Amino acid sequence: MIKNIRANSFAFVIWTLVSCALHMVLFRARVNLNHQIPQRIMMAIAAIVTILFVHELIHFVFMKMFYKGKVRFVFTKDRLGLPMPGVSAEGRARKWQEVMMLIAPFFFLTLLPDILFAFCAEIELFFFIVAIGNCAGCFYDIMDVCIAWKKTPSR
């Protein structure tokens, strides 16, 4: 069933909308919007590019810690045919290590900033977009965590 959810583009859209709505409800009133529209657009673009590379860098660091084989950055094509950064690893990791490696970007780029946002009087737009964008982008990682968790028992 989880593999069916992962393959369903509609599920990704729902996850993205829910993550955006949740962040808007929780933190919208604190976001610093004292920028002109062109500056907001540039911040959004910079945040998205940052998410793409930092998200994969976090996967890379955790893969380096857990996989015994070669770990490298790669560019793969997404569903639209656009090149996207990714990480490739040879070898195997234990189930708990695989789960840690998959969930790490969600923790460091979404959950941790959200916890910090709770203590901030004002949130810079760039960091707010990073948290929302990464949350939306972690859909496949979280589905892969569910798949990994249901796999063979941990060694």
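Only heavy atoms go into these numbers, but all of them, side chains included; no hydrogens, no water, no symmetry mates. What you see is a predicted model, and the numbers here were worked out from it, not measured in a lab.
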Any donor-acceptor pair under 3.5 Å from [X] side chain to [Y] backbone:
X: His55; Y: Ile51; result: no
X: Arg30; Y: Phe117; result: yes
X: Thr110; Y: Phe107; result: no

Less than 4.5 Å apart, any side-chain heavy atom of [X] and any of [Y]?
X: His35; Y: Glu124; answer: yes
X: Tyr67; Y: Met101; answer: yes
X: Phe75; Y: Met84; answer: no

Would you say [Y] ends up clustered with [X] if hydrophobic residues are merged whenever their side chains have heavy atoms under 4.5 Å apart, either directly or through other cluster members?
X: Phe139; Y: Leu52; value: no
X: Met143; Y: Trp96; value: yes
X: Ile41; Y: Phe128; value: no
X: Val130; Y: Val31; value: yes
X: Met43; Y: Leu33; value: yes

With sequence neighbours left out, write down each residue that passes side chain to side chain contact (heavy atoms under 4.5 Å, CB included) with [X], or none if nothing qualifies.
X: Ile103; value: Phe106, Ile142, Val145
X: Val54; value: Thr50, Ile58, Leu109
X: Phe119; value: Ile115
X: Glu56; value: His59, Phe73, Pro85, Val87

### Task
Take Asn134 and Phe108 through the test side chain to side chain contact (heavy atoms under 4.5 Å, CB included) and record every step on the way to the result.
CA-CA 10 Å; Asn134 188 67; Phe108 287 109; over 6 Å; no
Any chance you could measure [X], atom [atom1], to [Y], atom [atom2], to the nearest 0.5 Å?
X: Ile45; Y: Phe126; atom1: CD1; atom2: CZ; result: 12.0 Å
X: Met24; Y: Ser19; atom1: CE; atom2: OG; result: 11.0 Å
X: Phe27; Y: Asp114; atom1: CZ; atom2: CG; result: 4.5 Å
X: Ile129; Y: His23; atom1: CD1; atom2: NE2; result: 12.0 Å
X: Met65; Y: Phe60; atom1: CE; atom2: CZ; result: 12.5 Å
X: Met63; Y: Arg72; atom1: CE; atom2: CZ; result: 11.5 Å

#### Entry: Summary of salt bridge (Lys or Arg N to Asp or Glu O under 4.0 Å) pairs that have at least one residue in residues 96-111, sequence neighbours excluded
Glu98-Lys151
### Task
Tell me whether the centres of the aromatic rings in Tyr140 and Phe12 are closer together than 6.0 Å.
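They qualify: ring centres under 6.0 Å apart.
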### Query
What do you reckon, are the aromatic ring centroids of Phe10 and Trp15 less than 6.0 Å apart?
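No, too far apart.
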### Query
Does atom CD of Gln36 have more than 12 heavy-atom neighbours, drawn from other residues, nucleotides or ligands, at distances under 6.0 Å?
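It does not: Gln36 CD has 12 such atoms or fewer within range.
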### Message
Asp144: which residues meet the salt bridge (Lys or Arg N to Asp or Glu O under 4.0 Å) condition with it, sequence neighbours left out?
### Response
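Residues passing salt bridge (Lys or Arg N to Asp or Glu O under 4.0 Å) with Asp144: Arg6.
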